[in-house]
Amino acid sequence: VRQLQRWLADDAVEPAADDAARIRMVGQVVNQLRHTFTGPGVIAWFYRRHPVLGERPVDLLDDPLRYPEVLSAATAARAMTA
C-alpha cells in the first residue's frame, strides 16, 4: 500500500516496467471480477487456490508469462454469471 501511495504522490517516481505491467494486469483482472464479486470477494479470489490455475492467482503475479492464464480465469468467472 505504501508503495502505491508513493507512486500516486505528485512528486513520485514512476513504477518500474515490471511493476507497471503487474498493476495493469491486476486492473484488468479486477475489471473482469467486479461484475461477479463484491469488493471483498474480488480480493478473496486472488488469495484462494484456483481449481484451474492450481495455485492462488496472487502467487502468479510475479511471472508475466502466467498473466494470460490469470486473466482467462477471471474472464471465465465473469462468464459463469452471464
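Predicted model only: the values in this text are computed from it and were never measured.
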TODO: Please name the pair of heavy atoms, one in Val70 and one in Leu53, separated by the smallest distance, quoted to 0.1 Å.
DONE: N-CD2, 4.2 Å

Task: Joint cluster assignment, Val58 & Phe37, ILVMFWY side-chain distance < 4.5 Å - done: yes

Task: Val52 reachable from Leu71 in the ILVMFWY side-chain graph, under 4.5 Å edges - done: no

TODO: Go through Phe46 and Val29 one step at a time and tell me if the side-chain contact (heavy atoms from CB on, under 4.5 Å) criterion holds.
DONE: CA-CA 9 Å; Phe46 278 96; Val29 169; 3.5 Å; yes

- [ ] Specify the closest pair of heavy atoms between Ala77 and Leu33, including all atoms of both residues, with the distance to one decimal.
- [x] CB-CD2, 4.0 Å

TODO: Examine Ile43 and Met25 and state if one hydrophobic cluster contains both, with Ile, Leu, Val, Met, Phe, Trp and Tyr joined whenever side-chain heavy atoms are less than 4.5 Å apart.
DONE: yes

Open item on the list: So does His50 get a backbone contact from the side chain of Arg56, meaning a donor-acceptor N/O pair under 3.5 Å?
Closed with: no

Task: Interatomic distance, Thr75 atom OG1 to Gln28 atom CD [nearest 0.5 angstrom] - done: 9.0 Å

- [ ] Might you point out which heavy atoms bring Tyr67 and Leu61 nearest each other, and give the distance in Å?
- [x] OH-O, 3.1 Å

Task: Nearest-0.5 Å distance, CG of residue Leu65 to CG of residue Leu60 - done: 11.5 Å

- [ ] Return the minimal non-hydrogen interatomic distance between Pro15 and Ala20, and the atom names on each side.
- [x] CB-N, 4.2 Å

